[in-house]
2 protein chains.
Amino acid sequence: MSHGGLQPFVSPSHQADNRLLSPRVALRETPWLTAVADKTLDVLAGHAVLHRIPAGSMLFEQAETPTFAQILVAGSVELLGVRGNDETRIERVYPIDMLLPAAVLTRQPYLLRARVLDEAHLLMIQAEAFLHAVAQDHALCLAVLACQAVQFRRQVKQAKNVRLRSAEERVGCYLLRLHEGAPPGVPARLPLNKRQIAAELGMTRETFSRTLGAIARRGLRIDGDIVIVDDPVAAHTGFSLDPLIDGAEPIQPLATKGTEG
Amino acid sequence: MSHGGLQPFVSPSHQADNRLLSPRVALRETPWLTAVADKTLDVLAGHAVLHRIPAGSMLFEQAETPTFAQILVAGSVELLGVRGNDETRIERVYPIDMLLPAAVLTRQPYLLRARVLDEAHLLMIQAEAFLHAVAQDHALCLAVLACQAVQFRRQVKQAKNVRLRSAEERVGCYLLRLHEGAPPGVPARLPLNKRQIAAELGMTRETFSRTLGAIARRGLRIDGDIVIVDDPVAAHTGFSLDPLIDGAEPIQPLATKGTEG
DNA sequence: TCCCAGCCTTGATCTGGATCAATGCAGCCT
DNA sequence: AGGCTGCATTGATCCAGATCAAGGCTGGGA
């Protein structure tokens, strides 16, 4: 299972409970840290705790200065831009990923509020210890760089999706993508409730709902929470997936090709 | 002069012509590379060329795979999301900064098109050599990480600005920011023509123009290209600058505080 | 001097999507 | 049963900002 874009949310209880008992184990099992030496992970683990945070909790507030580097091990988290009483969702974070490493790295205040959507398992590493480790361990630095680069690209894709496509196209492409992603024969299911999908796609629930009605014309339909493509041809004509928008953006190690020096 | 957000565009001819003759010198004079060893810069310089590219040129196209890591030394560049004939401006890049390091680092295709706005002095380093150097040199890796983190935060600020504020507020805050940024006594000037400011603020030129008319009510006005604050109180009541949106985001080295290990 | 190309402004109109407001429809608790 | 809470649909209306369409102003070139 990749951790790119549209994960079904895994029930956290079965995923993490037994295996991720300690920070040390959590670190070792983080795929994009595989290249990092045990010694460094030991150090990090020494300054870390593993917390389970219930849905609805606020992890940090806009303008706070980060005291921990946080790695989301299970569950999910939303990042919101806040202004007075208005909130706008900027990003949804899926495991295994860091929460706003940019703020931690630059020692600047968070630009966003973080709230738990599905019970989160969080690996919290003291910010200073984390920074020190990044400054000491080249492999760790490379891993964080990869993580940060991918987050940047996800942002750009999101911006393109919202600004270059109409609401209807976003919905169509989203469903189509789910459908393509599902194993052949198995019908695709909505991985989230509709309210959250709407937020993901940058529109209100009402607009999402209406749009779902409208795209029936294009051979795309929802029954309960499963996606039905009545007319594949019409669907693909109306909505063309673009890898530069819809493609997953998984965190990969920054490997050097060819001969090593 | 910081390289955060709202630079006046410096005439490239006087800034760079004599000093930045060679890639080697350009690298050494890049502020956020100061911590990188000469040896590494030598290697990079060995795989680099310094180019001067006229306004209007396309540097790379969406979906291309990066062959160079590009550092903008002087001039300016816009990054555009493209879909058919539609373009949407995602970002404007000011020197000294990298152009989409995320694509180079992840070896993925560019998500955006890059076009020169003001004649650009570009340091172009072969992608593989650059990646290799990042993989070899910890200090360089840290520098690139800092650069990438800042770019991420700029994106987030841009998103907040557009989604949390009305067109009128964006214009008001932009002008106010210019005004605050200017040395006391000296009137602030528009650093760009209005068309480009409009794009920067995520609106059409027409809307920008109308909005300029509208905010006269709030004690803010443009005369020619200088910003006049007729009524500071009204202006600050109507438009409150938020450091989490309007603050500059300069590229700084990722220093470790306190004792070194 | 005329002409033309770039900018900017101004007006009229359109519209995608938000907002406000009801209603339906589960599941769940007591 | 009832009543509550949270989600989803559906309809009516609104509005910020885009779009389309004319001008106006400035500077430059022959």
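Note on naming: letters A, B, ... go to the chains in the order of the sequence lines (proteins, then strands), and numbering restarts at 1 for each one.
- You'll find that the side chain of B/R170 is closest to D/dG17, out of C/dC8, D/dT10, D/dG17.
- Rounded to a whole Å, the CG atom of A/L117 is 16 Å from the P atom of D/dG6.
- Checking the phosphate oxygens (OP1, OP2) of C/dG17, no side-chain nitrogen or oxygen of A/T204 falls inside 4.0 Å.
- Each of D/dA8, C/dT19, D/dG17 was ranked by its minimum atom distance to the side chain of A/K194; first place goes to D/dA8.
- Among the nucleotides D/dG17, C/dA18, D/dA8, the one closest to the side chain of B/S166 is D/dG17.
- Rounding to the nearest 0.5 Å gives a distance of 9.5 Å between CD1 of A/I226 and NE2 of A/H179.
- A sub-4.0 Å separation between OP1 or OP2 of D/dA8 and a side-chain N or O of A/S209 is absent.
- Atom C1' of nucleotide D/dT9 and atom CG of A/D223 are separated by 15 Å, given to the nearest angstrom.
- Atoms CZ (B/F208) and P (D/dT19) sit 17 Å apart, rounded to a whole Å.
- Heavy atoms of B/R210 sit under 4.0 angstrom from at least one base atom.
- For the atom pair CZ of B/R115 and CG of B/L59, the computed distance is 10.0 Å after rounding to the nearest 0.5 Å.
- Here the P atom of nucleotide C/dT10 and the CD atom of B/E206 are 12 Å apart, to the nearest Å.
- Proximity note for A/A167 (side chain, C-beta onward) versus D/dG17, D/dT19, C/dG17: the nearest is C/dG17.
- Between B/E168 atom CD and D/dA16 atom P the separation is 10 Å, expressed in whole Å.
- Between A/E249 and A/R154 no salt bridge is recorded (no basic side-chain N to carboxylate O distance below 4.0 Å).
- Contact between the side-chain N/O atoms of A/R195 and the OP1/OP2 oxygens of D/dC7 is found at a separation under 4.0 Å.
- At whole-Å resolution of the value, CZ in A/R165 and P in C/dG16 are 18 Å apart.
- Atom CG of A/D225 is separated from atom P of D/dT9 by 12 Å (rounded to the nearest Å).
- Note: CG (B/L201) to P (D/dA16) measures 18 Å, nearest angstrom.
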Report task. Evaluate the criterion salt bridge (Lys or Arg N to Asp or Glu O under 4.0 Å) for residue pair B/R165 and B/D246; output intermediate values, then yes/no. Result -> CA-CA 12 Å; B/R165 284 175 171 164; B/D246 306 294; 2.7 Å; yes

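- In this structure, B/R163 does not pair ionically with A/D86, as no charged nitrogen and carboxylate oxygen lie closer than 4.0 Å.
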